[in-house]
There are 2 protein chains.
Amino acid sequence: MARAGVTVERLTRAAADLADEIGFENVTVSALARGFGVTDASMYSHIRNVRDLRTKVAILALTELAERAAAALAGRSGKDALVAFANAYRDYAREHPGRYAATRFELDPDSASAEAATRHSEMTRALLRGYDLPEPAQTDAVRLLHGFFHGYVSLETAGGFSHSQAVDASWARNLDALDVLLRNWPSQM
Amino acid sequence: MARAGVTVERLTRAAADLADEIGFENVTVSALARGFGVTDASMYSHIRNVRDLRTKVAILALTELAERAAAALAGRSGKDALVAFANAYRDYAREHPGRYAATRFELDPDSASAEAATRHSEMTRALLRGYDLPEPAQTDAVRLLHGFFHGYVSLETAGGFSHSQAVDASWARNLDALDVLLRNWPSQM
DNA sequence: ATCCTTTCTTAGGAGGTCTAGGCAAATGCT
DNA sequence: AGCATTTGCCTAGACCTCCTAAGAAAGGAT
């Protein structure tokens, strides 16, 4: 009857690790409890329900991703920044597939979750500073970039982490294409 | 003890409808059985397991989406084709959120599922015909477009179907940007 | 009419979510 | 140090989902 020392911090990290191992959708209260050597009912002192648990993992992942993006952008601009940012995004998804899947978890608008989500967007805006886009083009570009990154990464991870030369080359060429796009952004019409 | 007349066809369609109502991830064998007025165990004469059920819905949705894309592309080329294709994609996701979510379901490589999935890609290639891209640029462009469409659509549906003027305008401007990109696709380096 | 296949049933095990009520350990108060 | 309170964990249990096994009934084939 000694205490297992479960805290929300440790619990969230364990859940994130578990997600990377067995997939985000398989992160369950029971499995997590087993990992700590306690009963599932005990978990409910720390979390409200499964959704709450997944939300915590999502916020953790969004925060980590924003930090990596910030590190990648430091001291870079223009295409350098674009490539560094994109690779940070892609590498994170590869190293932490479960955490990355968690970033796609739909969190409800309230809760402090908004903070982690917006930090993510702000990094993308920082990336765009080098391209000198006016509003509203900047907002459009943020959406386009997120759309592209996510789409590409999810196609890739769905394909079984092939990490082939062909895919790498395609990725690099698409970054070239995006760079061209950002430099020639249509001003009107 | 009369027969409920469940067939794989009807079952798949009912599951797809259910997905649109309550979300793809909530499509459950039990819920589906309730809808037909039979026990959950009866379902297993028609499907192998939950994964099989979801796969069937995914194939249905991919097929429908490919049909819509084909209809949108008929008689169009260049930017007209791009806009029509993109709108077909987006409209489908809006009208059938559950089915659209199903198109993101990761199906295992075997099974006839591959057919429906590739039809989807072929439509995107047809769209690109008007831009006259050589290989491998064409493959890259397919990925970029899928990435963008999916990312944008999922951001939008996650945001609660706001369908605001601002989002519509952003969408239109991003299509402009993509058109510019496809016309100025970087030939090398 | 009889057999065969398909569809549906009941029964039940395994495992997941979550609540209620309770005991014991850790912490805070005086 | 002694006490009360909070907190962490427990058992028990209701309810849901997935899925299998064994058998009954419906419908078609011969």
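Quick note on labels: first sequence line is chain A, next is B, and so on, each numbered from 1.
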- Message: Arg54(B): which residues meet the salt bridge (charged side-chain N to carboxylate O under 4.0 Å, His left out) condition with it, sequence neighbours left out?
- Response: none
- Item | Candidates dC10(D), dT9(C), dC18(D) - which lies nearest the side chain of Ser30(B) | dC18(D)
- Query: So which nucleotide from dT17(D), dC19(D), dG16(C) ends up closest to the side chain of Arg34(B)?
  - Reply: dT17(D)
- Message: Please tell me whether Phe148(B) and Phe148(A) form a close aromatic pair, meaning their ring centres lie under 6.0 Å apart.
- Response: no
Between [atom2] of [N] and [atom1] of [X], the distance in whole Å:
| X | N | atom1 | atom2 | result |
| --- | --- | --- | --- | --- |
| Leu11(B) | dT6(C) | CG | C1' | 15 Å |
| Asn26(A) | dT17(C) | CG | P | 11 Å |
| Asp40(A) | dA14(D) | CG | P | 16 Å |
| Leu53(A) | dT17(C) | CG | P | 9 Å |

- Within residues 43-52 of chain B: residues closer than 4.0 Å to DNA chain D (heavy atoms): Tyr44(B), Asn49(B), Val50(B)
With [X], which residues qualify under ring pair (Phe, Tyr, Trp, His ring centres under 6.0 Å), at least two apart?
| X | value |
| --- | --- |
| Phe105(B) | Phe24(B) |
| His146(B) | His120(B) |
| Tyr92(B) | His96(B) |

Under 4.0 Å: is that the gap between some side-chain N or O of [X] and OP1 or OP2 of [N]?
| X | N | answer |
| --- | --- | --- |
| Thr28(B) | dC16(D) | no |
| Thr39(A) | dT11(D) | no |
| Ser42(B) | dT9(C) | yes |

Short heteroatom pairs, N/O only, protein and nucleotides 20-23 of chain C, under 3.5 Å:
none

- Message: Between Asp168(A) and Arg173(A), does any side-chain N to carboxylate O distance fall below 4.0 Å?
- Response: no
- Please test Asp17(A) against Arg13(A) for salt bridge (charged side-chain N to carboxylate O under 4.0 Å, His left out), starting from the C-alpha separation and ending with a verdict. CA-CA 6 Å; Asp17(A) 291 345; Arg13(A) 205 170 343 238; over 6 Å; no
- Item | Hphob cluster co-occupancy, Leu133(B) + Leu175(B), side-chain heavy atoms under 4.5 angstrom | yes
- Side chains of Thr39(B) and Ser42(B), donor plus acceptor under 3.5 Å: yes
